[in-house]
Amino acid sequence: MINHSSEISSRDFGKNFLWGVAISAAQNEGAHAVDGRGPSIWDSYAKRKGKIRDDTKPFEACDFYHRYKDDLLLVKALGFTVFRFSISWSRVLPEGMGKVNKEGIAFYNSLIDECLKLGLTPFITLYHWDLPQALQKEGGWSSHLLLKWFGRFVTVCAEEFGDRVKNWIIINEPMGFTSLGYMLGKHAPGKMSLNEFLPAIHNAAMAQAEGGRIVRHLVKGSYIGTSFSCSEVMPYSSSAKDIEVANRMDILLNRLFIEPSLGMGYPDDHFVLMEKLNLFNKAWKYKERMKFDFDFIGIQNYFPITVKYNPLIPIVQASEVKAATRKVPHTDMGWEINADSFYRMLKRFDAYEAVKELIVTEGGAFFKDKMVNGMVNDELRIDYFQQYLAALLKAKHEGVAVKGYFAWTLMDNFEWAEGFHARFGLIHVDFKTQLRTVKQSGHWFRDFLSSKKERHL
Ligand code: NOJ
């Protein structure tokens, strides 16, 4: 067990460690039809009844588009020095391809300039799940044209912003948006088909490498990564069946995207899905193209999962045994809290020979925060960060090449299918008035980052 009882300070991580906070365009910007922005798949998906909790829409979100200057002041006040945000593809290319929207470019230029003025280092995520709806109409991530579309988007961004932004994350959690969006139907665009899922996987695996090459070519002095979700997979029992399905889930959740990016091709462990995927990979034709020499790998670990054999579930034949059922600590998302597991995942990703450096590009938790007398005393979130940061420090001390930690997320925002219900922010947002209130976890971070030992409560 990781001991987090003695408080650690940010100084323990060394002076070059990157401390950041992350947001994404679709979750924060709002202004969905302002200044020429085209609709994204999330705008369209949210219009379908019953898809988003309470049928809320991301149209206004946190109105970051209009409030970014004040929000950046908060980032600064909390003591972070890195600001991670994503570019809304349909804001810069409203039709996905074709004409560039000058006002969209102007917005990101001002955002970048403002970051630099405040001494915040911008990290751009190119794709954080909001494909232009115009491209979804043509097949979206499943289309054979995807690489061409993505290449154009990356080129525009690199040319427009690359003079000032050197840090790039090509794709955020490819497993997340391909599986939830094209197989499980739980995220935009709401597809449920293996025939869409498999090409989406392959296109995302290709796009992360192609995107890296484009940025490397166009941006002088670039530092390029891409971000993967990961979840340790535990078998529910020691039965051979449970162990076998846990291995299958491990391939999907932890190996499917990183291994091709490192030049290892798709993992191929006699799992029927992988065999199908390798149809795209005949004679290892694409192995080289899926590979890119990333400067860093972003890892995002929210929970481990426990699975057991279930013959009724297609393909994986596994079902999850939820944290609540197993009576282990979990967040209000139902996600198991397990900092030891986070530590093990850091070690595991670091162990790939071709991984140069890791950055934890997201980490955080949803708890049902309560505002009392104008304050949000989110002790549980503070405790969560303390546990996870202690685990990170332990891994770092043992030689894991981890270079930074970005908290998810600056402020409560649009949590995809959970709408505005699931609050992950260090800052509380009243979505009626857009009033921001720093939670105690935000104050805690400020003290932590300024290396004050005492808690601000
Ligand atoms: C990962 C995603 O990148 C982010 O958009 C999301 O809000 C968090 N996980 C929490 O679910």
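The chain is numbered in sequence order, starting from 1.
Side-chain contact between Phe257 and Met175 is present, with at least one heavy-atom pair separated by less than 4.5 Å. Contact of the Phe107 side chain with the Val92 side chain is not registered, since no non-hydrogen atoms from C-beta on lie closer than 4.5 Å. Between Phe292 and Ile170 there is no side-chain heavy-atom pair separated by less than 4.5 Å. Taking the side chain as every heavy atom from C-beta outward, Arg348 and Arg255 approach each other to under 4.5 Å. Residues Val355 and Phe349 fail the side-chain proximity criterion, which asks for heavy atoms closer than 4.5 Å. With a 4.5 Å cut-off on side-chain heavy atoms, Val429 and Phe420 do not count as touching. Looking at Pro132 and Glu95, their side chains never come closer than 4.5 Å, going by heavy atoms from C-beta outward. Residues Thr409 and Gln27 fail the side-chain proximity criterion, which asks for heavy atoms closer than 4.5 Å.
The shortest heavy-atom contact between Ile337 and His330 is CD1-C, 3.7 Å. Considering every non-hydrogen atom in both Pro58 and Trp42, the closest pair reads CG-O, 4.1 Å. Nearest heavy atom pair, residue Leu449 against residue Leu78, reads CD1-O, 3.5 Å.
Ring centroid separation for the pair Phe366 and His421 comes in under the 6.0 Å cut-off. Under the 6.0 Å cut-off for aromatic ring centres, Phe406 and Trp408 do not qualify, their centroids lying 6.0 Å or more apart. Remark: aromatic rings of Trp129 and Trp416 are close, center separation under 6.0 Å. Between Tyr223 and Phe296, a ring centre-to-centre spacing shorter than 6.0 Å is recorded. When ring centroids are compared, Phe153 and Tyr127 stay outside the 6.0 Å threshold.
In this pair, Tyr384 and Tyr388 present their aromatic rings parallel. The plane angle is below 30°, not in the 30 to 60° band. Aromatic ring orientation, Phe64 versus Phe83: tilted (interplanar angle from 30° to 60°). Ring geometry, His32 versus Phe59: the interplanar angle falls under 30°, so the pair is classed parallel (tilted spans 30 to 60°). Between Tyr405 and Phe342, the two ring planes are perpendicular [angle over 60°; tilted spans 30° to 60°]. Using cut-offs of 30° and 60° on the angle between ring planes, the pair Phe161 and Tyr108 is perpendicular. Ring geometry for Phe445 against Phe80 counts as tilted: the plane angle lies between 30° and 60°, on a 0 to 90° scale.
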(message) Using side chain to side chain donor-acceptor pair (under 3.5 Å), reason through Gln136 and Tyr45 one step at a time and then give a plain yes or no.
(response) CA-CA 11 Å; Gln136 185 52 46; Tyr45 185 67; over 6 Å; no
(request) Show your reasoning for whether side chain to side chain donor-acceptor pair (under 3.5 Å) applies to Tyr352 and Glu259. (result) CA-CA 9 Å; Tyr352 282 112; Glu259 293 191 0; 2.7 Å; yes
(request) Dump the intermediate steps for side chain to side chain donor-acceptor pair (under 3.5 Å) on Gln434 and Glu60, then the final yes or no. (result) CA-CA 10 Å; Gln434 291 294 353; Glu60 194 188 338; 3.3 Å; yes
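A salt bridge between Arg91 and Asp35 is absent, with no side-chain N of the basic residue lying under 4.0 Å from a carboxylate O of the acidic one. In this structure, Arg37 does not pair ionically with Asp130, as no charged nitrogen and carboxylate oxygen lie closer than 4.0 Å. For Arg84 and Glu362, the salt-bridge test passes: some basic side-chain N is under 4.0 Å from an acidic carboxylate O.
Asp412 places a side-chain N or O within 3.5 Å of a backbone atom of Gly425 that can act as its donor or acceptor partner. Not a single donor-acceptor pair under 3.5 Å links the side chain of Arg216 to the backbone N or O of Ile224. Asn254 places no side-chain N or O within donor-acceptor distance of the main-chain N or O of Cys230, the cut-off being under 3.5 Å.
Cation-pi check for Arg381 over Phe367 is not met; the charged atom does not lie both under 6.0 angstrom from the ring centroid and within 45 degrees of its normal.
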Sequence neighbours excluded and cut-off under 3.5 Å, please list the side-chain donor-acceptor pairs for residues 192-205, or say none.
residue: Ser193; atom: OG; partner: Asn195; partner atom: N; Å: 3.1
residue: Ser193; atom: OG; partner: Glu196; partner atom: N; Å: 3.2
residue: Glu196; atom: OE1; partner: Ser142; partner atom: OG; Å: 3.1
residue: His202; atom: ND1; partner: Tyr266; partner atom: OH; Å: 2.6
residue: Asn203; atom: ND2; partner: Trp141; partner atom: O; Å: 2.7
residue: Asn203; atom: ND2; partner: Ser143; partner atom: O; Å: 2.9
residue: Asn203; atom: ND2; partner: Pro199; partner atom: O; Å: 3.2

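By the side-chain hydrogen bond (donor to acceptor under 3.5 Å, both in side chains) test, Thr306 is found to be paired with Arg326, residues two or more places apart in sequence or in another chain being considered.
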